[in-house]
K.L.:
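Just dropping this structure here.
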Amino acid sequence: MPNFIAKKLKPVKYPFVKDQVELLWEVQGRGEKLICTQSLGETFFITLKQKSDGNFVVKGDKLSKPARISSLQKALCFYKDNLADDILSEAIQNKSKKEPQKLASVVEDDKILELLDFIKDYDKIFIEIGFGSGRHLLFQAKNNPDALFIGIEVYKPSIEQVSKLASVQNLQNIKLLNTDARLFLSLVGSNIIDRIYLHFPVPWDDSPHRRVVSSEFATECERVLKVGGVFELRSDSKMYVDFTCATFLELRNSKISIQKNVDLEVSSKYEDRWKSQDKDIFDLFYTAKSQSDELVALDDMVFTDTYDTKKVVQNFKNETIKYDDFFVHFEEIYHNKNGIVVIRVAFGSFNKPEHSFIKFEDKKCEYFIKKPLLTRTNLQAHEKIKEILAKCKA
């Protein structure tokens with residue numbers, strides 16, 4: 001993250017506006033300040049922290065970082081040139097340096113809802129969970145040009161590598177997500193997916209609760225698959241296959257088939273390794289047999305009550321509250337003498353938590369800068385946040 005360290009900082013009279021950069025207001029937390037900043041049309045926070053040696057570190061806030069790094073670089077250079085003295089070090093790229101090229105196949109978290117709209121234009125949709133090196137995903141996309149392939153992977157270097165390979169091969173029918181597959185499936189419409197691939201997942205034989213497959217996962221697969229659509233597990237772990245079979249048999253209509261040591265047209269590096277060790281390879285196929293109900297539309301995540309900012313500050317506690325399927329963690333509070341209060345909060349799924357700021361000002365309350373993704377789990381957590389804040393109503 002771009003930053004600089006200075007011995008001295010000048011006082012700021014807000015709003016401070018110059019050269020397409022606006023410093024709008026600041027709020028103080030226990031160990032740092034947040035400075036609400038607008039640069040090149042984007043809004044984010046700059047953080048200001050005083051070290052034990054008295055020097056100041058000024059950098060971009062990770063949670064609210066802008067889409068273009070140049071927006072943050074410009075703002076930091078502006079702050080350094082106008083409000084800082086005795087610069088000790090800086091790690092800000094040359095302002096003239098070009099932005100790294102965005103890879104067309106990669107879908108950022110804030111664009112997932114746009115992807116859900118985009119997929120409606122496709123008659124055939126395939127999802128691969130944990131695509132790794134991408135051999136299978138790229139092979140299938142190349143051989144099925146009329147279908148859309150959505151690859152989901154938690155390892156970011158794999159996302160970048162496969163995106164570049166898709167570009168080199170001119171594959172326009174691939175979209176890549178760096179997210180939790182279970183969260184994404186919960187957003188996908190019912191009865192629209194043709195096939196879901198899960199090839200060689202980590203078996204977690206000693207920690208089955210960490211597996212991708214669970215009762216909830218099986219239920220979501222059943223819902224999103226078309227009638228006749230297939231979930232396909234390929235694994236060298238018989239224990240995982242047995243577990244998956246038992247899990248999918250809990251569904252109301254289950255058609256399951258299993259095969260052993262059948263070669264595919266394309267082989268992953270893991271499969272090559274297992275075969276060289278003479279390990280058995282298993283395939284499990286679950287076929288959806290019935291039409292599922294459509295997703296129930298969710299209420300929006302908004303705050304309809306008004307709050308007393310003094311009560312918000314007085315009642316704030318850094319605490320984590322856990323429920324069966326989700327959690328809420330109030331992490332930090334920031335405020336100023338003008339009545340602006342900002343709370344940093346994490347909440348939602350244990351597997352893919354949401355991180356947001358909640359801003360209170362003039363009795364208005366809202367998620368600020370980055371609005372949380374509207375999922376059932378996040379909505380549950382949001383309702384709990386409202387319950388907890390109820391004691392601070394104006």
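Heavy-atom basis, side chains included; hydrogens, waters and symmetry copies ignored.
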K.L.:
My understanding is that only residues two or more places apart in sequence, or in another chain, count here; which of them pass side chain to side chain contact (heavy atoms under 4.5 Å, CB included) with Ile258?
P.N.:
Val241, Cys245, Ile256, Leu284

K.L.:
Test your reading of the model: is there a side-chain donor-acceptor pair from Arg223 to the backbone of Val188, 3.5 Å cut-off?
P.N.:
yes

K.L.:
Could you grab the distance from atom CG of Leu148 to atom NZ of Lys175, nearest 0.5 Å is fine?
P.N.:
8.0 Å

K.L.:
Donor-acceptor pair, Asp300 side chain versus Val302 backbone, under 3.5 Å?
P.N.:
no

K.L.:
Classify the ring geometry of Phe326 against Tyr323: parallel below 30°, tilted from 30° to 60°, perpendicular beyond 60°.
P.N.:
parallel

K.L.:
Measure from the ring center of His136 to the ring center of Tyr197 and say whether it is less than 6.0 Å.
P.N.:
yes

K.L.:
Classify the angle between the aromatic ring planes of Tyr307 and Phe360 as parallel (below 30°), tilted (30 to 60°) or perpendicular (above 60°).
P.N.:
perpendicular

K.L.:
Backbone N or O of Trp204 within a donor-acceptor pair of the Ser207 side chain at under 3.5 Å?
P.N.:
no

K.L.:
Using a 3.5 Å distance criterion without hydrogens, assess whether the side chain of Asp61 forms a donor-acceptor pair with backbone atoms of Ser64.
P.N.:
yes

K.L.:
Would you say the ring centroid of Phe357 lies under 6.0 angstrom from that of Phe368?
P.N.:
no

K.L.:
For the pair Phe45 and Trp25, name the ring-plane relationship: parallel under 30°, tilted 30 to 60°, perpendicular over 60°.
P.N.:
perpendicular

K.L.:
Going by heavy atoms in the side chains, are Asp180 and Val154 under 4.5 Å from each other?
P.N.:
no

K.L.:
Work out which heavy atom in Glu354 is nearest to a heavy atom in Leu373; give both atom names and the distance.
P.N.:
OE1-N, 3.2 Å

K.L.:
Could you tell me whether Phe217 and Phe231 have their ring centroids closer than 6.0 angstrom?
P.N.:
yes

K.L.:
Can Lys18 be said to sit on top of Phe78's aromatic six-ring, NZ or CZ under 6.0 Å from centre and within 45° of the ring axis?
P.N.:
no

K.L.:
Whether Arg211 engages the ring of Tyr240 as a cation-pi pair (distance to the six-membered ring centre under 6.0 angstrom, angle to the ring normal within 45°) should be assessed.
P.N.:
yes

K.L.:
Among Asp146, Asp194, Asn173, which residue satisfies the side-chain hydrogen bond (donor to acceptor under 3.5 Å, both in side chains) criterion with Lys124?
P.N.:
Asp146

K.L.:
When the ring planes of Phe248 and Tyr286 are compared, do they come out parallel, tilted or perpendicular, using 30° and 60° as the limits?
P.N.:
tilted

K.L.:
Describe, in one word, how the ring planes of Tyr367 and His382 are oriented to each other, choosing from parallel (under 30°), tilted (30 to 60°) and perpendicular (over 60°).
P.N.:
tilted

K.L.:
Given side chains that start at C-beta, do those of Ile385 and Ile358 come closer than 4.5 Å, heavy atoms only?
P.N.:
yes

